[in-house]
**Student:** 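I am attaching a structure below and will ask some questions about it afterwards.
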Amino acid sequence: MSVQTAMSREEVPEEISAVNLVDPKTYLEHDMDAYWRRLRADHPLHWHPPVDGAPGFWVVSRYADVMALYRDNQRLTSEKGNVLVTLLAGGDSAAGQMLAVTDGQRHKDLRNVMLKAFSPRALSKVAALVRVNARRMIAEAVRRGEGDFAAEVAQVIPLTTVGGLLGVPVKDHAYLLGLTKSSLSSDEADQAPEEAFLARNEILLYFSDLVAERRADPQDDVISTLTASDINGVPLTDQDIVFNCYSLILGGDETSRLTMIDSLYTLSREPEQWKRLKEGSVTLESATEEALRWATPAMNFGRTALVDIEMAGGTIKAGDVVTLWNTSANRDESVFDDPYVLDLGRSPNKHITFGYGPHFCLGAYLARVEVKEMLDAMRTFSNGVELTGEPRRIHSNLMTGMSTLPVRFLPDEAGLATADS
Ligand code: HEM
């Protein structure tokens with residue numbers, strides 16, 4: 001098994017078409033910044049050649065183009081998948097049932113039902129839980145002094161958050177965490193695709209059982225709200241609910257976890273920015289937005305064209321797969337001043353980390369709460385953080401980030417004294 005680290009990556013090859021965006025290794029072995037700069041400047045609509053028998057696809061890298069295509073659910077569809085693995089396989093079995101891969105009126109109706117389940121009351125309850133958890137876990141980690149922030153803090157908070165929202169019993173959190181990790185990306189380079197497939201099936205089975213339990217004995221949680229919901233008088237089926245629980249747990253866990261890990265890693269390398277956060281010369285809100293732009297954990301999402309689309313000097317043909325690169329759009333120099341500089345006070349900061357338009361992330365509020373509470377607890381309980389080893393990067397063509405983060409915290413004793421109050 002190859003061990004990849006966060007640092008020490010090579011420049012991408014000169015020849016754009018030699019860069020294979022399907023292969024997770026590409027992101028581990030190369031520093032992609034130069035590639036995206038070149039694409040934005042000279043190839044804003046790039047045709048990625050077919051690899052391994054899968055079809056080729058379009059790569060869209062400029063902020064304005066990515067926004068325009070996210071917004072356009074008339075000429076583009078999500079129903080043939082919204083991530084590379086399903087798009088290139090030609091479809092998603094949850095199409096028309098799972099929110100992210102549903103379009104048109106059904107998407108609007110389903111989104112309204114889900115938004116009701118995310119009521120301000122449900123969200124404020126979960127947000128309070130996030131604050132308590134983040135403060136407790138980070139205070140404990142700082143008191144311990146050294147440890148793996150990914151394992152000890154960042155992997156617990158998001159799952160507790162979405163688990164709390166859905167009503168997943170705490171005893172099952174660790175089991176689900178293992179499954180979500182195998183489903184989307186992998187900590188290991190050599191994980192077989194069947195493992196991801198099996199993990200996804202196990203998540204679906206798990207939620208089938210939980211939905212049956214909630215139908216019999218409703219509680220104050222999202223699953224119970226969904227079991228009582230209907231669209232035009234037709235109740236949601238068990239399968240509708242199970243697919244959407246699956247999407248919430250996958251959508252809400254890894255993305256937030258990777259953002260928290262990336263934020264701490266970045267702060268360990270940016271003493272000036274840490275100082276601004278610690279001293280309160282930037283607001284927690286602006287620091288959170290910049291942490292989200294900086295991390296951009298979901299590198300890309302995709303669509304399939306329903307008709308021919310002219311853009312950026314080229315033609316996307318009906319039936320073609322189009323990928324929208326958040327990772328590039330969030331560094332677009334025509335939108336962000338000094339995009340490769342971390343500025344916790346950045347304003348405006350209209351990053352595209354949560355997508356845009358009709359499929360804009362349903363969990364954006366909760367994700368923001370998680371990152372904000374993590375940053376707040378860090379600046380309250382710690383005087384700084386330093387790396388004690390090389391972090392490991394995940395293996396994925398969808399997500400980016402690290403699966404381990406060995407660190408040492410410098411305690412802020414006055415702050416820690418307030419931890420239990
Ligand atoms: C959609 C990113 C956290 C649930 C999306 C999309 C992006 C995204 C880019 C758009 C996908 C598309 O257009 O095809 C993120 C990031 C997060 C995060 C970066 C954390 C930093 C969450 C959380 C939840 C969640 C915490 C659940 C509690 C969803 C759902 C959708 C979605 C259900 C589909 C919305 C729709 O299709 O209408 N997310 N997400 N996400 N996200 Fe998130």
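For this chain, numbers begin at 1 and follow the sequence in order. Side-chain atoms are counted along with the backbone in the values below, which use heavy atoms only and exclude waters and symmetry mates. Just so you know, ligand 1 is whichever comes first in the structure, and atom 1 is the first atom listed for that ligand.
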**Student:** Identify, with sequence neighbours excluded, every residue that meets ring-ring contact (aromatic ring centres under 6.0 Å, His included) alongside Phe243.
**Tutor:**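 Per chain and number, Phe243 pairs via ring-ring contact (aromatic ring centres under 6.0 Å, His included) with no residue.
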**Student:** From atom 43 (Fe) of ligand 1, how many protein N/O/S atoms are found at a distance short of 2.8 Å?
**Tutor:**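 My tally for this metal is 1.
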**Student:** Within ligand 1, which atoms have a heavy atom of Arg111 less than 4.0 Å away?
**Tutor:**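 Contacts of ligand 1 toward Arg111, numbered from 1: 35 (C), 36 (C), 38 (O).
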**Student:** So if I count the atoms of ligand 1 from 1 in the order they appear, which ones are less than 4.0 Å from some heavy atom of Asn82?
**Tutor:**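 Counting from 1, the qualifying ligand atoms are 12 (C), 14 (O).
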**Student:** Non-hydrogen atoms of Met114 versus ligand 1: any pair closer than 4.0 Å?
**Tutor:**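 It does not, in that no heavy atom of Met114 comes within the 4.0 Å cut-off of ligand 1.
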**Student:** What are the atoms of ligand 1, with element, lying closer than 4.0 Å to any heavy atom of Ser247?
**Tutor:**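 So the atoms of ligand 1 that pass are 33 (C).
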**Student:** Would you kindly specify which portion of Pro297 sits under 4.0 Å from ligand 1, judged on non-hydrogen atoms: side chain, backbone, both or neither?
**Tutor:**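 The answer is the side chain.
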**Student:** Any idea which of Leu165, Thr259, Leu248, Val371 brings a heavy atom closest to atom 21 (C) of ligand 1?
**Tutor:**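 When every heavy atom of Leu165, Thr259, Leu248, Val371 is considered, Thr259 comes closest to atom 21 (C) of ligand 1.
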**Student:** Quick one: do Arg121 and Asp220 make a salt bridge, cutoff under 4.0 Å?
**Tutor:**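 Yes, Arg121 and Asp220 are salt-bridged.
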**Student:** Less than 4.0 Å is my threshold; does some heavy atom of Pro358 fall inside it relative to ligand 1?
**Tutor:**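 Right, Pro358 reaches ligand 1.
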**Student:** Check each of His359, Arg303, Lys108 against atom 14 (O) of ligand 1 and report the one with the nearest heavy atom.
**Tutor:**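 Nearest heavy atom to atom 14 (O) of ligand 1 lies in Arg303.
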**Student:** Under 4.0 Å between a Lys/Arg side-chain N and an Asp/Glu carboxylate O for Glu285 and Lys372?
**Tutor:**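 The answer is yes: the pair qualifies as a salt bridge.
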**Student:** Against heavy atoms of Leu99, which atoms of ligand 1 measure under 4.0 Å?
**Tutor:**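 Once the distances to Leu99 are compared, the set is 35 (C), 36 (C), 37 (O), 38 (O).
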**Student:** Of the backbone atoms (N, CA, C, O) and the side-chain heavy atoms from C-beta on, which set of His351 has a member under 4.0 Å from an atom of ligand 1: side chain, backbone, both, or neither?
**Tutor:**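 For His351, there is no contact with ligand 1 at all, from either part.
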**Student:** Using a distance-only test with no angle check, is there a side-chain donor-acceptor pair under 3.5 angstrom linking Thr323 and Asn300?
**Tutor:**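 No, no side-chain donor-acceptor pair sits under 3.5 Å.
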**Student:** Assess, by modelled atom type and distance only, whether the side chains of Arg40 and Ser61 contain a donor and an acceptor separated by less than 3.5 Å.
**Tutor:**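 Per modelled atom types, Arg40 and Ser61 side chains form no pair under 3.5 Å.
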**Student:** On the ring face of Phe354, is Arg368 found with NZ or CZ under 6.0 Å from the centre and within 45° of the axis?
**Tutor:**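 Verdict for Phe354: no cation-pi partner in Arg368.
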**Student:** Would you call Arg106-Asp240 a salt bridge at under 4.0 Å N-O?
**Tutor:**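 Asp240 and Arg106: salt-bridged.
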**Student:** With a cut-off of under 6.0 Å to the ring centre and 45° to the axis, is Arg331 in cation-pi contact with Phe336?
**Tutor:**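 Ring-cation test returns no.
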**Student:** Hey, which of Gln273, Glu272, Glu279 is the one that makes side-chain hydrogen bond (donor to acceptor under 3.5 Å, both in side chains) with Arg276?
**Tutor:**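 Testing each of Gln273, Glu272, Glu279 against Arg276, the sole residue satisfying side-chain hydrogen bond (donor to acceptor under 3.5 Å, both in side chains) is Gln273.
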**Student:** Under 4.0 Å from a heavy atom of His107: which atoms of ligand 1 are those, numbered in the order shown and with their elements?
**Tutor:**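 Counting atoms of ligand 1 from 1, those under 4.0 Å from His107 are 36 (C), 37 (O), 38 (O).
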**Student:** Any carboxylate oxygen within less than 4.0 angstrom of a Lys/Arg side-chain nitrogen, looking at Arg62 and Asp332?
**Tutor:**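 So Arg62 does not pair with Asp332 through a salt bridge.
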**Student:** What's the spacing between Thr26 OG1 and Tyr35 OH if we round to 0.5 Å?
**Tutor:**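 Here the interatomic distance stands at 9.0 Å.
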**Student:** Under 4.0 Å from a heavy atom of Tyr70: give me the atoms of ligand 1 that qualify, with their elements.
**Tutor:**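 Listed by number with element: 13 (O).
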**Student:** Have a look at Asn326, Val369, Val126, Thr353 and point out the one with the heavy atom closest to atom 19 (C) of ligand 1.
**Tutor:**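 Among Asn326, Val369, Val126, Thr353, the closest heavy atom to atom 19 (C) of ligand 1 comes from Thr353.
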**Student:** With heavy-atom distances below 4.0 Å as the criterion, list the atoms of ligand 1 near Leu292.
**Tutor:**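 With Leu292 as reference, the close atoms of ligand 1 come out as 21 (C).
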**Student:** Of all the atoms in ligand 1, which lie at a distance below 4.0 Å from a heavy atom belonging to Ala100?
**Tutor:**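 Heavy-atom distances to Ala100 below 4.0 Å select 34 (C), 37 (O).
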**Student:** How far does CD of Gln155 sit from OG of Ser256, to the nearest 0.5 angstrom?
**Tutor:**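 So the CD of Gln155 and the OG of Ser256 are separated by 13.5 Å.
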**Student:** Does either side chain, that of Glu370 or that of Thr161, offer a donor lying less than 3.5 Å from an acceptor on the other one?
**Tutor:**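 Indeed, the side chains of Glu370 and Thr161 share at least one donor-acceptor pair under 3.5 Å.
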